[in-house]
**Student:** 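Attaching a single structure in structure tokens format; questions to follow.
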Amino acid sequence: MNNLAIARVLTEIGDLLEIKAENPFKIRAYRNAADTIAHLGTPIAEMSDEDRRGIPGIGKDLAGKIAELIETGSARYHQELLQEFPPSILDLLHLQGVGPKTVAALFHGLGIRTLEDLELAARGGRIRSLKGMGAKKEALILKALEDRQRFTGRRLMVEAADAAASLVAALREYAPDADISPVGSLRRGCETCGDIDILAAGAPPSIMDAFTSYTLVERILARGETKSSVLIRGGFQADLRVVPKDSLGAALQYFTGSKAHNIALRDRAISRGCKLNEYGLFRVDTNEFVAGADEPGIYAALGLAFVPPELRENRGEIDAAEAGTLPRLVTREDLRGDLHMHTTVTDGRADAETMARAAQASGLDYIAITDHSQALAMANGLDEARALDHAAAIRALNGRLDGIRVLAGIECDIRADGTMDLADDCLAQLDIVIASIHSAFSMDETQMTERILRAIANPHVDIIGHPTGRLILKREGYRIQLERVLTAAAEAGVAMEINSQVDRLDLDDTKARIAKEHGVKIIIDSDAHSTAGLGALRWGALTARRAWLEPADVLNTQPLDAFLGSLRRNRTRHT
DNA sequence: GCCGTTTTCGGCCCGACTGTTTTCAGTCG
């Protein structure tokens, strides 16, 4: 069983326990563990029992259940719970406005087991026969069933960012003196977002009207003095919170999350005789306001260095903030070059010169043109002769450009057997080579690992492109033994890419962090297929920040000469 | 179920909004 499968079982146990009205802290323990394991990076199946128990939030009991899952593929405790409740009942729990208490009442009171049962009962007016439920609740449930398809699940960060930007612009126009900004997972730079959270500090109460009457609002879920929720066209839920200006910092902290980070921070507040909420940090005994006007003030009052939003996942950042060892995170502005892009010679939409001028305008000092190799026939991939002609044309381009340097490279396919799609003497004549997999995804883990190891062993390969091949929300990455790949890359001096395409972000944050721990250097690049595509670097940089990367971890933060010198092909060989 | 330079037992984050209510439980983030 892999980490995600184990996490799913633990989450399901948590959900079932909640319907059973078990101890809420026990439920939290299961969910915490599920979240931790889902983001672990290394396969928990390969860890020793002792190492597993060293993971925060995993104790004797959970370690036992995890071992049982790995050894037998299921857990007795989980199966026992499923004897009590049919698994289809969990679908009910995921409806908007339906929680564990409602699910339990529906199941025990009316025998409702499925979404179909629920719809029939609601239409038949039978829900209102239950204690604490009325006609409105019935209507709410029917709405939730209706919205289920359109408004469930997470979406790509870029879609949330776009939707949030228009909404924030509209609100700022309404209340120009207020501090209005996106918070939540969007501010943390998460690769997907489930909803859009917006904070308005110092806005007049009437901003709620501006919010609920925003042109794209389809339905109002809640409307209060300080908090409202709406569904907007395109499938997002958006929440607006209003606080006084004095509470700006506390509210930013509170609504940026994550939940796990906030719980840990409030724990810390309690241990220091304080209480932390969205209005500020207060002494419990005197109710004295300690901090809250600005966000760094909250962290300082708790004895912590300011934690950048991207790190707030309770993955070690609080200890690091206490010890003063937080990284100085890389920024988009630190990037001097972009080493992966395509032109009209293969499947891009602009020629090399247009791409170069656009890159220069975006503040870059150097780029590499890396069109596809021949295996990608549908993209008009290059054979050796065309690749070398293209390289000559790219180098000639430098004579017409001033202030930006263009490198001649290739994104060369890694064939199924691990050999490169172009001959070594061709690759040797280029300035930079990215090796990527675009075919035969469904190999087993060992074969796929050997395939990439063979590519790393080729002395002309500088970078492994989108190393796991995942497409966010669409396709899981191919299965590889990441540790082996990273160890080999570190030894060979091959860099790993963070591909900035919004549906790739590959390596992802967790894996890029592990790469850094293995001493592997990272290259953040856009994989642009048009001039607009160059803007994607922003998302790659966010992912790198979530991976705790500093400028020194990222090769293309360096000036051109130093960058070239750090490429595998140009490094002095140690024998 | 986890966790402990106060604790191996007794803690475990916090507040807003809704609906069905005469004071609050349930849900959500």
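Proteins get letters first, then strands, A, B, ... in listed order; numbering begins at 1 in each.
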**Student:** Of all the nucleotides listed (B:dC2, B:dG29, B:dG15), which has the minimum atom distance to the side chain of A:N277?
**Tutor:** B:dG15

**Student:** NA contact type, A:R28, heavy-atom cut-off 4.0 Å: base, sugar-phosphate, or nothing?
**Tutor:** base

**Student:** Between the base of B:dG29 and the side chain of A:Y254, is there any donor-acceptor pair under 3.5 Å?
**Tutor:** yes

**Student:** Output the rounded distance in Å from NZ (A:K136) to C1' (B:dT27).
**Tutor:** 16 Å

**Student:** Can we say A:E295 and A:R312 salt-bridge, meaning some charged N sits less than 4.0 Å from an Asp/Glu carboxylate O?
**Tutor:** yes

**Student:** Would you kindly give the CD-to-C1' distance between A:Q237 and B:dG29, to the nearest whole Å?
**Tutor:** 9 Å

**Student:** Using atom NZ of A:K137 as one end and atom P of B:dC24 as the other, report the distance to the nearest whole Å.
**Tutor:** 19 Å

**Student:** From the options B:dG15, B:dG29, B:dC12, select the nucleotide whose nearest atom is closest to the side chain of A:D267.
**Tutor:** B:dC12

**Student:** How close do A:L110 and A:R126 get, heavy atom to heavy atom, and via which atoms?
**Tutor:** CD1-O, 3.8 Å

**Student:** Please measure how far the P atom in B:dT20 lies from the corresponding atom in B:dT27, and state the result in whole Å.
**Tutor:** 13 Å

**Student:** Where the side chain of A:E225 is defined as all heavy atoms beyond and including C-beta, which of B:dC14, B:dG1, B:dC17 is the nearest nucleotide?
**Tutor:** B:dC17

**Student:** Hey, is the side chain of A:S229 poking within less than 4.0 Å of OP1 or OP2 on B:dG29, counting only N and O atoms?
**Tutor:** no

**Student:** Report the residue (A:D239 or A:L140) whose heavy-atom-nearest nucleotide on DNA chain B is the more 5′ of the two.
**Tutor:** A:L140

**Student:** So what does A:L240 hit on the nucleic acid, given a heavy-atom distance under 4.0 Å: a base, only sugar-phosphate, or nothing?
**Tutor:** nothing

**Student:** Using the side-chain hydrogen bond (donor to acceptor under 3.5 Å, both in side chains) rule, take A:H39 and A:E313 through it: C-alpha gap first, then chi angles, then the decisive distance, then the call.
**Tutor:** CA-CA 10 Å; A:H39 294 97; A:E313 299 288 351; over 6 Å; no

**Student:** For B:dG1, does the base pair up with any side-chain atom of A:N23 as donor and acceptor (N or O, under 3.5 Å, distance only)?
**Tutor:** yes

